[in-house]
Asks: 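If you scroll down you'll find the structure; I have some questions about it.
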Number of protein chains: 2
Amino acid sequence: MELSPLSEAFVLHFGEMGSRWGINRTVGQICALLYVSPRPLPADEIAEVLRFSRSNVSMGLKELQSWRLVRLQHLPGDRREHFSTPDDVWQIVRTLAEERRRREIDPTLSVLRDLLMEKAATASDRHAQSRMREMHDLIELITRWSEDVQKLETDQLTQLLQLGGKVVRLLELKNRLPLLGSEQRRRRAGAGGTLATSENQEQDEDQEMLP
Amino acid sequence: MELSPLSEAFVLHFGEMGSRWGINRTVGQICALLYVSPRPLPADEIAEVLRFSRSNVSMGLKELQSWRLVRLQHLPGDRREHFSTPDDVWQIVRTLAEERRRREIDPTLSVLRDLLMEKAATASDRHAQSRMREMHDLIELITRWSEDVQKLETDQLTQLLQLGGKVVRLLELKNRLPLLGSEQRRRRAGAGGTLATSENQEQDEDQEMLP
DNA sequence: CAGAACTTTCAGTAAATTCTGAAATTAAGA
DNA sequence: TCTTAATTTCAGAATTTACTGAAAGTTCTG
(Lines give C-alpha, C1' and ligand atoms only; values in the text may rest on other atoms or scores of the structure.)
Protein backbone atom coordinates (compact mmCIF):
# COMPACT_ATOMS: atom_id res chain seq x y z
CA MET A 1 0.00 0.00 0.00
CA GLU A 2 1.03 3.57 -0.71
CA LEU A 3 0.55 6.78 1.22
CA SER A 4 -0.70 9.88 -0.60
CA PRO A 5 1.60 12.93 -0.46
CA LEU A 6 -1.07 14.74 1.54
CA SER A 7 -1.20 12.17 4.31
CA GLU A 8 2.50 11.64 4.15
CA ALA A 9 3.19 15.30 4.91
CA PHE A 10 0.84 15.11 7.86
CA VAL A 11 2.42 11.94 9.17
CA LEU A 12 5.95 13.27 8.83
CA HIS A 13 5.09 16.49 10.61
CA PHE A 14 3.64 14.67 13.58
CA GLY A 15 6.64 12.41 13.65
CA GLU A 16 8.82 15.48 14.15
CA MET A 17 6.50 17.02 16.69
CA GLY A 18 6.45 13.76 18.57
CA SER A 19 10.19 13.88 19.14
CA ARG A 20 9.89 17.35 20.66
CA TRP A 21 7.35 16.00 23.06
CA GLY A 22 9.24 13.05 24.45
CA ILE A 23 7.13 10.73 22.29
CA ASN A 24 9.33 9.10 19.73
CA ARG A 25 9.11 9.73 16.04
CA THR A 26 7.83 6.27 15.18
CA VAL A 27 5.02 6.49 17.68
CA GLY A 28 4.08 9.96 16.44
CA GLN A 29 3.91 8.76 12.87
CA ILE A 30 1.84 5.69 13.66
CA CYS A 31 -0.61 7.78 15.60
CA ALA A 32 -0.88 10.37 12.84
CA LEU A 33 -1.37 7.67 10.23
CA LEU A 34 -4.17 6.04 12.14
CA TYR A 35 -5.73 9.42 12.76
CA VAL A 36 -6.12 10.25 9.07
CA SER A 37 -6.76 6.73 7.86
CA PRO A 38 -10.32 6.15 6.64
CA ARG A 39 -10.31 2.67 8.12
CA PRO A 40 -8.61 0.74 10.91
CA LEU A 41 -5.23 -0.61 9.85
CA PRO A 42 -3.48 -3.87 10.75
CA ALA A 43 0.09 -3.69 12.03
CA ASP A 44 1.67 -5.09 8.90
CA GLU A 45 0.09 -2.45 6.71
CA ILE A 46 1.36 0.25 9.04
CA ALA A 47 4.82 -1.23 8.80
CA GLU A 48 4.62 -1.33 5.02
CA VAL A 49 3.32 2.20 4.62
CA LEU A 50 5.74 3.79 7.07
CA ARG A 51 8.66 1.52 6.18
CA PHE A 52 9.34 0.40 9.73
CA SER A 53 10.05 -3.11 10.82
CA ARG A 54 7.05 -5.05 11.90
CA SER A 55 8.45 -5.34 15.43
CA ASN A 56 8.90 -1.61 15.72
CA VAL A 57 5.27 -1.09 14.84
CA SER A 58 4.31 -3.63 17.44
CA MET A 59 6.17 -1.68 20.11
CA GLY A 60 4.77 1.61 18.93
CA LEU A 61 1.23 0.32 19.08
CA LYS A 62 1.81 -1.01 22.55
CA GLU A 63 2.98 2.42 23.62
CA LEU A 64 -0.03 4.09 22.02
CA GLN A 65 -2.34 1.64 23.72
CA SER A 66 -0.80 2.48 27.06
CA TRP A 67 -1.72 6.07 26.31
CA ARG A 68 -5.23 4.90 25.39
CA LEU A 69 -4.86 6.66 22.06
CA VAL A 70 -5.55 3.70 19.84
CA ARG A 71 -8.06 0.95 20.12
CA LEU A 72 -7.96 -2.49 18.73
CA GLN A 73 -10.71 -4.13 16.74
CA HIS A 74 -11.33 -7.21 14.69
CA LEU A 75 -12.79 -7.04 11.22
CA PRO A 76 -14.90 -9.95 10.04
CA GLY A 77 -13.02 -12.35 7.81
CA ASP A 78 -9.59 -11.10 8.86
CA ARG A 79 -7.60 -12.64 11.65
CA ARG A 80 -5.31 -9.67 12.05
CA GLU A 81 -5.84 -7.02 14.69
CA HIS A 82 -6.82 -3.63 13.32
CA PHE A 83 -6.05 -0.36 15.01
CA SER A 84 -7.67 3.04 14.95
CA THR A 85 -7.78 6.27 16.91
CA PRO A 86 -11.01 7.53 18.46
CA ASP A 87 -13.22 9.32 15.94
CA ASP A 88 -13.70 12.35 18.14
CA VAL A 89 -10.75 14.76 18.33
CA TRP A 90 -12.08 16.07 21.62
CA GLN A 91 -11.86 12.61 23.04
CA ILE A 92 -8.25 12.37 21.95
CA VAL A 93 -7.39 15.64 23.63
CA ARG A 94 -9.17 14.66 26.82
CA THR A 95 -7.38 11.34 26.96
CA LEU A 96 -4.03 12.93 26.31
CA ALA A 97 -4.59 15.43 29.08
CA GLU A 98 -5.66 12.74 31.52
CA GLU A 99 -2.67 10.57 30.80
CA ARG A 100 -0.20 13.42 31.04
CA ARG A 101 -1.73 14.36 34.34
CA ARG A 102 -1.46 10.84 35.61
CA ARG A 103 2.11 10.35 34.42
CA GLU A 104 3.68 13.74 34.96
CA ILE A 105 1.62 16.17 36.98
CA ASP A 106 0.52 13.87 39.78
CA PRO A 107 4.00 12.52 40.53
CA THR A 108 5.36 16.06 40.49
CA LEU A 109 2.75 17.31 42.93
CA SER A 110 3.48 14.37 45.12
CA VAL A 111 7.22 15.08 45.17
CA LEU A 112 6.53 18.73 45.93
CA ARG A 113 4.21 17.84 48.79
CA ASP A 114 6.78 15.49 50.27
CA LEU A 115 9.46 18.14 50.12
CA LEU A 116 7.16 20.69 51.69
CA MET A 117 6.63 18.39 54.65
CA GLU A 118 10.35 18.32 55.46
CA LYS A 119 11.63 20.56 58.19
CA ALA A 120 13.79 23.26 56.64
CA ALA A 121 16.99 23.74 58.60
CA THR A 122 18.59 26.69 56.85
CA ALA A 123 17.43 29.99 55.42
CA SER A 124 18.23 28.65 51.98
CA ASP A 125 15.95 25.70 52.50
CA ARG A 126 13.18 27.90 53.80
CA HIS A 127 13.48 29.97 50.66
CA ALA A 128 13.48 26.87 48.47
CA GLN A 129 10.37 25.60 50.20
CA SER A 130 8.53 28.82 49.67
CA ARG A 131 9.33 28.63 45.96
CA MET A 132 8.16 25.04 45.89
CA ARG A 133 4.96 26.05 47.63
CA GLU A 134 4.26 28.65 44.95
CA MET A 135 4.87 26.15 42.22
CA HIS A 136 2.80 23.48 43.91
CA ASP A 137 -0.16 25.79 44.37
CA LEU A 138 -0.08 27.02 40.82
CA ILE A 139 0.18 23.57 39.29
CA GLU A 140 -2.61 22.34 41.51
CA LEU A 141 -4.81 25.28 40.60
CA ILE A 142 -4.35 24.74 36.89
CA THR A 143 -4.73 20.99 37.13
CA ARG A 144 -7.89 21.15 39.19
CA TRP A 145 -9.36 23.59 36.75
CA SER A 146 -8.55 21.50 33.71
CA GLU A 147 -9.80 18.34 35.37
CA ASP A 148 -13.00 20.18 36.10
CA VAL A 149 -13.75 21.69 32.72
CA GLN A 150 -12.90 18.46 30.99
CA LYS A 151 -15.95 16.96 32.57
CA LEU A 152 -18.14 19.45 30.74
CA GLU A 153 -20.09 18.43 27.67
CA THR A 154 -18.29 19.19 24.44
CA ASP A 155 -20.71 21.91 23.43
CA GLN A 156 -20.46 23.67 26.76
CA LEU A 157 -16.70 23.47 26.57
CA THR A 158 -16.75 24.87 23.05
CA GLN A 159 -18.90 27.75 24.16
CA LEU A 160 -16.57 28.46 27.05
CA LEU A 161 -13.49 28.40 24.84
CA GLN A 162 -15.08 30.59 22.22
CA LEU A 163 -15.75 33.15 24.87
CA GLY A 164 -11.99 33.56 25.33
CA GLY A 165 -10.89 36.46 27.47
CA LYS A 166 -14.38 37.89 27.44
CA VAL A 167 -15.20 35.44 30.19
CA VAL A 168 -13.80 38.06 32.51
CA ARG A 169 -16.88 40.13 31.92
CA LEU A 170 -18.98 37.31 33.28
CA LEU A 171 -16.76 37.28 36.35
CA GLU A 172 -17.30 40.99 36.82
CA LEU A 173 -21.00 40.48 36.44
CA LYS A 174 -20.90 37.76 39.05
CA ASN A 175 -18.93 39.92 41.46
CA ARG A 176 -21.48 42.67 41.12
CA LEU A 177 -24.49 40.52 41.73
CA PRO A 178 -25.97 41.69 45.04
CA LEU A 179 -27.32 38.29 46.03
CA LEU A 180 -23.86 36.97 46.82
CA GLY A 181 -22.48 37.12 50.30
CA SER A 182 -19.14 38.32 51.56
CA GLU A 183 -17.08 35.84 49.59
CA GLN A 184 -15.94 37.82 46.60
CA ARG A 185 -15.42 41.03 48.49
CA ARG A 186 -12.92 39.25 50.68
CA ARG A 187 -11.28 37.67 47.69
CA ARG A 188 -11.02 40.95 45.87
CA ALA A 189 -9.32 42.53 48.87
CA GLY A 190 -6.65 39.88 49.11
CA ALA A 191 -6.19 39.29 45.43
CA GLY A 192 -2.78 40.93 45.23
CA GLY A 193 -0.19 38.19 45.37
CA THR A 194 -0.61 34.84 47.05
CA LEU A 195 -2.62 32.03 45.65
CA ALA A 196 -5.42 30.99 47.86
CA THR A 197 -6.39 27.54 46.79
CA SER A 198 -7.55 26.77 50.26
CA GLU A 199 -10.50 29.00 49.53
CA ASN A 200 -11.84 26.11 47.55
CA GLN A 201 -13.60 24.93 50.63
CA GLU A 202 -16.02 27.77 50.11
CA GLN A 203 -17.61 25.88 47.27
CA ASP A 204 -20.78 25.29 49.18
CA GLU A 205 -21.35 28.95 49.63
CA ASP A 206 -20.98 29.38 45.90
CA GLN A 207 -23.22 26.46 45.16
CA GLU A 208 -26.28 28.54 45.88
CA MET A 209 -25.55 31.12 43.24
CA LEU A 210 -27.86 29.71 40.62
CA PRO A 211 -30.66 27.17 40.88
CA MET B 1 29.41 24.85 47.18
CA GLU B 2 27.01 22.13 48.29
CA LEU B 3 23.35 21.52 47.56
CA SER B 4 21.00 20.68 50.44
CA PRO B 5 19.17 17.34 50.17
CA LEU B 6 15.91 19.25 49.90
CA SER B 7 16.93 21.24 46.86
CA GLU B 8 18.74 18.30 45.40
CA ALA B 9 15.58 16.20 45.39
CA PHE B 10 13.75 19.02 43.65
CA VAL B 11 16.47 19.48 41.06
CA LEU B 12 16.71 15.76 40.33
CA HIS B 13 12.98 15.43 39.89
CA PHE B 14 12.84 18.25 37.38
CA GLY B 15 15.78 16.76 35.57
CA GLU B 16 13.75 13.60 35.05
CA MET B 17 10.63 15.47 34.08
CA GLY B 18 12.64 17.49 31.63
CA SER B 19 13.64 14.40 29.69
CA ARG B 20 10.03 13.38 29.34
CA TRP B 21 9.28 16.75 27.86
CA GLY B 22 11.91 16.90 25.16
CA ILE B 23 13.96 19.25 27.32
CA ASN B 24 17.15 17.52 28.29
CA ARG B 25 18.00 16.52 31.82
CA THR B 26 20.80 19.00 32.22
CA VAL B 27 18.65 21.90 31.17
CA GLY B 28 15.87 20.79 33.49
CA GLN B 29 18.24 20.61 36.43
CA ILE B 30 19.80 23.98 35.77
CA CYS B 31 16.40 25.59 35.54
CA ALA B 32 15.20 23.94 38.74
CA LEU B 33 18.36 24.95 40.56
CA LEU B 34 17.99 28.57 39.57
CA TYR B 35 14.34 28.46 40.49
CA VAL B 36 14.96 27.50 44.11
CA SER B 37 18.19 29.40 44.55
CA PRO B 38 17.94 32.39 46.89
CA ARG B 39 20.32 34.38 44.69
CA PRO B 40 21.45 34.51 41.07
CA LEU B 41 24.19 32.00 40.32
CA PRO B 42 27.21 32.23 38.02
CA ALA B 43 27.80 29.45 35.53
CA ASP B 44 30.78 27.97 37.31
CA GLU B 45 28.86 27.56 40.55
CA ILE B 46 26.08 25.81 38.68
CA ALA B 47 28.65 23.49 37.15
CA GLU B 48 30.16 22.78 40.55
CA VAL B 49 26.86 22.14 42.31
CA LEU B 50 25.38 19.94 39.60
CA ARG B 51 28.68 18.30 38.66
CA PHE B 52 28.46 19.10 34.98
CA SER B 53 31.27 20.39 32.85
CA ARG B 54 31.43 24.12 32.57
CA SER B 55 30.76 23.92 28.83
CA ASN B 56 27.64 21.87 29.34
CA VAL B 57 26.29 24.51 31.69
CA SER B 58 27.07 27.14 29.11
CA MET B 59 25.00 25.30 26.51
CA GLY B 60 22.19 24.68 28.93
CA LEU B 61 22.00 28.33 29.87
CA LYS B 62 21.95 29.31 26.24
CA GLU B 63 19.02 26.98 25.70
CA LEU B 64 17.19 28.38 28.71
CA GLN B 65 17.78 31.91 27.51
CA SER B 66 16.29 31.02 24.14
CA TRP B 67 13.21 29.95 26.08
CA ARG B 68 13.33 33.25 27.98
CA LEU B 69 13.29 31.28 31.22
CA VAL B 70 16.45 32.71 32.72
CA ARG B 71 17.78 36.20 32.75
CA LEU B 72 21.31 37.37 33.08
CA GLN B 73 22.54 39.99 35.49
CA HIS B 74 25.80 41.43 36.76
CA LEU B 75 26.51 41.75 40.44
CA PRO B 76 28.73 44.62 41.58
CA GLY B 77 32.32 43.58 42.20
CA ASP B 78 32.01 40.33 40.26
CA ARG B 79 32.91 40.03 36.63
CA ARG B 80 30.99 36.84 36.12
CA GLU B 81 27.50 36.71 34.67
CA HIS B 82 24.84 35.62 37.12
CA PHE B 83 21.66 33.85 36.15
CA SER B 84 18.22 33.62 37.71
CA THR B 85 14.65 32.69 36.83
CA PRO B 86 11.83 35.22 37.07
CA ASP B 87 10.52 35.64 40.61
CA ASP B 88 6.93 35.18 39.61
CA VAL B 89 5.83 31.59 38.88
CA TRP B 90 2.95 32.90 36.84
CA GLN B 91 5.39 34.69 34.62
CA ILE B 92 7.29 31.47 34.09
CA VAL B 93 4.16 29.64 33.10
CA ARG B 94 3.10 32.40 30.74
CA THR B 95 6.49 32.46 29.07
CA LEU B 96 6.56 28.71 28.72
CA ALA B 97 3.15 28.71 27.12
CA GLU B 98 4.09 31.48 24.71
CA GLU B 99 7.26 29.78 23.62
CA ARG B 100 5.62 26.41 23.15
CA ARG B 101 2.97 28.07 21.08
CA ARG B 102 5.56 29.80 18.95
CA ARG B 103 7.70 26.71 18.47
CA GLU B 104 5.18 23.93 18.25
CA ILE B 105 1.59 25.04 17.87
CA ASP B 106 2.05 27.74 15.25
CA PRO B 107 4.12 25.61 12.89
CA THR B 108 1.62 22.80 13.26
CA LEU B 109 -1.33 25.03 12.44
CA SER B 110 0.57 26.34 9.48
CA VAL B 111 1.26 22.85 8.14
CA LEU B 112 -2.37 21.93 8.63
CA ARG B 113 -3.55 25.03 6.80
CA ASP B 114 -1.24 24.31 3.90
CA LEU B 115 -2.49 20.76 3.61
CA LEU B 116 -6.08 21.92 3.79
CA MET B 117 -5.49 24.18 0.80
CA GLU B 118 -4.45 21.26 -1.39
CA LYS B 119 -6.99 19.81 -3.76
CA ALA B 120 -7.89 16.32 -2.57
CA ALA B 121 -7.93 13.88 -5.47
CA THR B 122 -9.19 10.70 -3.81
CA ALA B 123 -11.84 9.80 -1.29
CA SER B 124 -9.04 8.88 1.10
CA ASP B 125 -7.55 12.34 0.81
CA ARG B 126 -10.90 13.96 1.31
CA HIS B 127 -11.31 11.98 4.49
CA ALA B 128 -7.82 12.89 5.64
CA GLN B 129 -8.53 16.54 5.03
CA SER B 130 -11.69 16.46 7.04
CA ARG B 131 -9.78 14.93 9.94
CA MET B 132 -7.13 17.59 9.58
CA ARG B 133 -9.80 20.26 9.56
CA GLU B 134 -11.20 18.97 12.85
CA MET B 135 -7.77 18.94 14.40
CA HIS B 136 -6.91 22.36 13.08
CA ASP B 137 -10.10 23.91 14.41
CA LEU B 138 -9.73 22.37 17.84
CA ILE B 139 -6.10 23.39 18.22
CA GLU B 140 -6.92 26.87 17.07
CA LEU B 141 -9.83 27.15 19.47
CA ILE B 142 -7.75 26.07 22.45
CA THR B 143 -4.79 28.22 21.44
CA ARG B 144 -6.86 31.34 20.92
CA TRP B 145 -8.48 30.82 24.26
CA SER B 146 -5.23 30.36 26.12
CA GLU B 147 -3.65 33.33 24.36
CA ASP B 148 -6.64 35.33 25.43
CA VAL B 149 -6.85 34.42 29.09
CA GLN B 150 -3.10 34.80 29.48
CA LYS B 151 -3.55 38.48 28.93
CA LEU B 152 -5.70 38.69 32.03
CA GLU B 153 -4.32 40.08 35.26
CA THR B 154 -3.03 37.39 37.58
CA ASP B 155 -5.78 37.91 40.13
CA GLN B 156 -8.52 37.69 37.52
CA LEU B 157 -6.94 34.57 36.14
CA THR B 158 -6.75 33.08 39.63
CA GLN B 159 -10.38 33.81 40.23
CA LEU B 160 -11.32 32.22 36.92
CA LEU B 161 -9.29 29.11 37.64
CA GLN B 162 -10.67 28.77 41.12
CA LEU B 163 -14.14 28.76 39.69
CA GLY B 164 -13.33 25.50 37.91
CA GLY B 165 -16.26 23.71 36.34
CA LYS B 166 -18.65 26.01 38.09
CA VAL B 167 -17.93 28.49 35.34
CA VAL B 168 -20.62 26.68 33.41
CA ARG B 169 -23.18 28.28 35.66
CA LEU B 170 -22.00 31.65 34.51
CA LEU B 171 -22.51 30.50 30.95
CA GLU B 172 -26.02 29.41 31.77
CA LEU B 173 -26.64 32.73 33.38
CA LYS B 174 -25.38 34.46 30.29
CA ASN B 175 -27.55 32.39 28.01
CA ARG B 176 -30.58 33.25 30.06
CA LEU B 177 -30.01 36.97 30.15
CA PRO B 178 -32.86 38.50 28.20
CA LEU B 179 -30.83 41.42 26.94
CA LEU B 180 -28.91 39.22 24.55
CA GLY B 181 -30.07 38.82 20.99
CA SER B 182 -30.34 35.78 18.82
CA GLU B 183 -26.71 34.75 19.11
CA GLN B 184 -26.76 32.04 21.72
CA ARG B 185 -30.01 30.57 20.57
CA ARG B 186 -28.44 29.93 17.22
CA ARG B 187 -25.32 28.52 18.82
CA ARG B 188 -27.28 26.25 21.06
CA ALA B 189 -29.21 24.84 18.13
CA GLY B 190 -26.11 23.90 16.18
CA ALA B 191 -24.00 22.84 19.11
CA GLY B 192 -24.12 19.13 18.33
CA GLY B 193 -20.96 18.23 16.52
CA THR B 194 -18.96 20.59 14.38
CA LEU B 195 -16.71 23.23 15.76
CA ALA B 196 -17.68 26.65 14.66
CA THR B 197 -14.66 28.83 15.09
CA SER B 198 -15.83 30.97 12.24
CA GLU B 199 -18.44 32.26 14.64
CA ASN B 200 -15.64 34.25 16.16
CA GLN B 201 -16.54 37.03 13.81
CA GLU B 202 -19.52 37.62 16.02
CA GLN B 203 -17.29 39.10 18.67
CA ASP B 204 -18.58 42.58 18.05
CA GLU B 205 -22.08 41.52 18.79
CA ASP B 206 -20.89 40.12 22.09
CA GLN B 207 -18.85 43.16 22.89
CA GLU B 208 -21.95 45.06 23.94
CA MET B 209 -22.95 42.62 26.59
CA LEU B 210 -21.58 44.56 29.52
CA PRO B 211 -20.34 48.10 29.82
C1' DC C 1 -4.07 -31.73 17.73
C1' DA C 2 -1.02 -30.01 13.99
C1' DG C 3 0.04 -26.42 11.43
C1' DA C 4 -0.59 -21.84 9.73
C1' DA C 5 -1.20 -16.98 10.65
C1' DC C 6 -0.25 -13.50 13.33
C1' DT C 7 2.00 -11.08 17.38
C1' DT C 8 5.46 -10.14 20.87
C1' DT C 9 9.93 -10.32 22.95
C1' DC C 10 14.60 -9.47 23.20
C1' DA C 11 19.58 -9.29 22.31
C1' DG C 12 22.30 -6.92 19.52
C1' DT C 13 23.20 -3.00 16.45
C1' DA C 14 22.47 1.52 14.49
C1' DA C 15 21.53 6.15 15.20
C1' DA C 16 20.82 10.13 17.81
C1' DT C 17 21.80 12.80 21.74
C1' DT C 18 24.29 14.52 25.43
C1' DC C 19 28.47 15.75 27.44
C1' DT C 20 33.40 16.91 27.79
C1' DG C 21 38.04 19.11 27.40
C1' DA C 22 40.87 21.72 24.63
C1' DA C 23 41.14 25.62 21.89
C1' DA C 24 39.23 29.93 20.33
C1' DT C 25 36.85 34.05 21.43
C1' DT C 26 35.30 37.89 24.01
C1' DA C 27 35.45 41.29 27.58
C1' DA C 28 37.41 43.62 31.61
C1' DG C 29 41.14 45.67 34.14
C1' DA C 30 45.91 47.40 34.51
C1' DT D 1 47.92 48.64 24.75
C1' DC D 2 48.69 43.87 27.02
C1' DT D 3 47.18 40.48 30.46
C1' DT D 4 44.01 37.79 32.54
C1' DA D 5 39.43 36.24 33.66
C1' DA D 6 35.26 34.56 31.82
C1' DT D 7 32.65 32.52 28.20
C1' DT D 8 31.72 29.98 23.95
C1' DT D 9 32.60 26.70 20.38
C1' DC D 10 33.24 22.33 18.61
C1' DA D 11 35.25 17.69 17.47
C1' DG D 12 34.97 13.57 19.25
C1' DA D 13 33.83 10.33 23.37
C1' DA D 14 30.24 8.51 26.18
C1' DT D 15 25.72 7.55 26.86
C1' DT D 16 21.04 6.89 25.74
C1' DT D 17 17.44 5.80 22.79
C1' DA D 18 15.49 3.74 18.69
C1' DC D 19 15.21 0.00 15.63
C1' DT D 20 15.81 -4.58 13.62
C1' DG D 21 15.72 -9.64 12.72
C1' DA D 22 15.48 -13.93 14.67
C1' DA D 23 13.21 -16.67 17.79
C1' DA D 24 9.55 -17.58 20.94
C1' DG D 25 4.84 -17.11 21.92
C1' DT D 26 -0.11 -16.97 20.96
C1' DT D 27 -4.38 -17.78 18.69
C1' DC D 28 -7.06 -19.46 15.20
C1' DT D 29 -8.56 -23.18 11.84
C1' DG D 30 -8.92 -27.48 9.57
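Protein chains get the first letters and strands the later ones, always in sequence-line order, with residue 1 at the start of each.
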Asks: Provide, to the nearest angstrom, the distance between the CG atom belonging to B:Leu41 and the P atom belonging to D:dT7.
Replies: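 Going from B:Leu41 (CG) to D:dT7 (P), I get 12 Å.
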Asks: Should B:Glu99 and B:Arg102 count as an ion pair when the cut-off is N to O under 4.0 Å?
Replies: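 Yes.
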Asks: I'd like to know if the side chain of B:Thr95 pairs up with that of B:Gln91 as donor and acceptor (distance under 3.5 Å, no hydrogens or angles considered).
Replies: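 Side-chain D/A pair, B:Thr95 to B:Gln91: present.
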Asks: Roughly, in whole Å, what's the span from NE2 in B:His82 to C1' in D:dA6?
Replies: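 It works out to 12 Å between those atoms.
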Asks: Do A:Arg94 side-chain atoms and A:Gln150 backbone N/O form a donor-acceptor pair below 3.5 Å?
Replies: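 Flag set: sc A:Arg94 to bb A:Gln150 pair under 3.5 Å.
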Asks: Is A:Lys62 close enough to C:dT7 that one of its side-chain N or O atoms is under 4.0 Å from OP1 or OP2 there?
Replies: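 No, no such contact exists.
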Asks: What's the shortest heavy-atom distance between A:Arg80 and A:His74, and which atoms?
Replies: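 So the minimum-distance heavy-atom pair works out to O-CD2, 3.6 Å.
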Asks: Distance check needed: C:dT7 P versus A:Gln73 CD, whole Å only.
Replies: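 Rounded to the whole Å, the gap is 14 Å.
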Asks: Taking CD1 from B:Ile46 and P from D:dT7, how many angstroms apart are they, rounded to a whole number?
Replies: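 After rounding, the gap between these two atoms is 10 Å.
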Asks: Could you check how far CD of B:Gln65 sits from C1' of D:dT8, rounded to whole Å?
Replies: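 Between C1' of D:dT8 and CD of B:Gln65: 12 Å.
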Asks: Taking protein heavy atoms under 4.0 Å as touching, what does nucleotides 21-30 of chain D look like 5' to 3' if B marks base contact, S marks sugar-phosphate-only contact and - marks none?
Replies: B-----BB--
Asks: Taking for each residue the nucleotide of DNA chain C bearing the nearest heavy atom, is the 5' side occupied by A:Ser58 or by B:Arg51?
Replies: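 Residue closer to the 5' terminus by nearest nucleotide: A:Ser58.
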Asks: Check for a donor-acceptor pair, side chain of A:Ser58 on one end and backbone N or O of A:Arg54 on the other, with a separation under 3.5 Å.
Replies: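 The answer is no, because no donor-acceptor pair under 3.5 Å joins these two groups.
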Asks: For the side chain of B:Gln29 and the backbone of B:Leu12, is there at least one donor-acceptor N/O pair under 3.5 Å apart?
Replies: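 Judged by distance alone, no pair lies under 3.5 Å.
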Asks: Could B:Glu147 and B:Lys151 be called an ion pair, given the rule that one side-chain N must be under 4.0 Å from one carboxylate O?
Replies: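 Judged by the 4.0 Å cut-off on N to carboxylate O distance, B:Glu147 and B:Lys151 do not form a salt bridge.
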Asks: Using whole Å, what does the distance between atom P of nucleotide C:dA27 and atom CD of B:Glu81 come to?
Replies: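 So the CD-P distance, B:Glu81 to C:dA27, works out to 10 Å.
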Asks: Check whether any side-chain N or O of A:Arg25 sits under 4.0 Å from OP1 or OP2 of D:dT17, and answer yes or no.
Replies: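 No, A:Arg25 has no side-chain N/O under 4.0 Å of OP1/OP2 on D:dT17.
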Asks: Roughly, in whole Å, what's the span from CZ in B:Phe52 to P in D:dT8?
Replies: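 For the pair B:Phe52 CZ and D:dT8 P, the rounded distance is 17 Å.
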Asks: Please confirm whether the shortest side-chain N or O distance from A:Asn24 to OP1 or OP2 of D:dC19 is below 4.0 Å.
Replies: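 The answer is yes; a side-chain N or O of A:Asn24 sits under 4.0 Å from OP1 or OP2.
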Asks: Specify the separation, in whole Å, of atom CZ of B:Arg20 and atom C1' of D:dT17.
Replies: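 Interatomic distance, CZ of B:Arg20 to C1' of D:dT17: 15 Å.
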Asks: By nearest nucleotide on DNA chain C, pick out whichever of A:Ser19 and A:Asp44 is the more 5' one.
Replies: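 This one resolves to A:Asp44.
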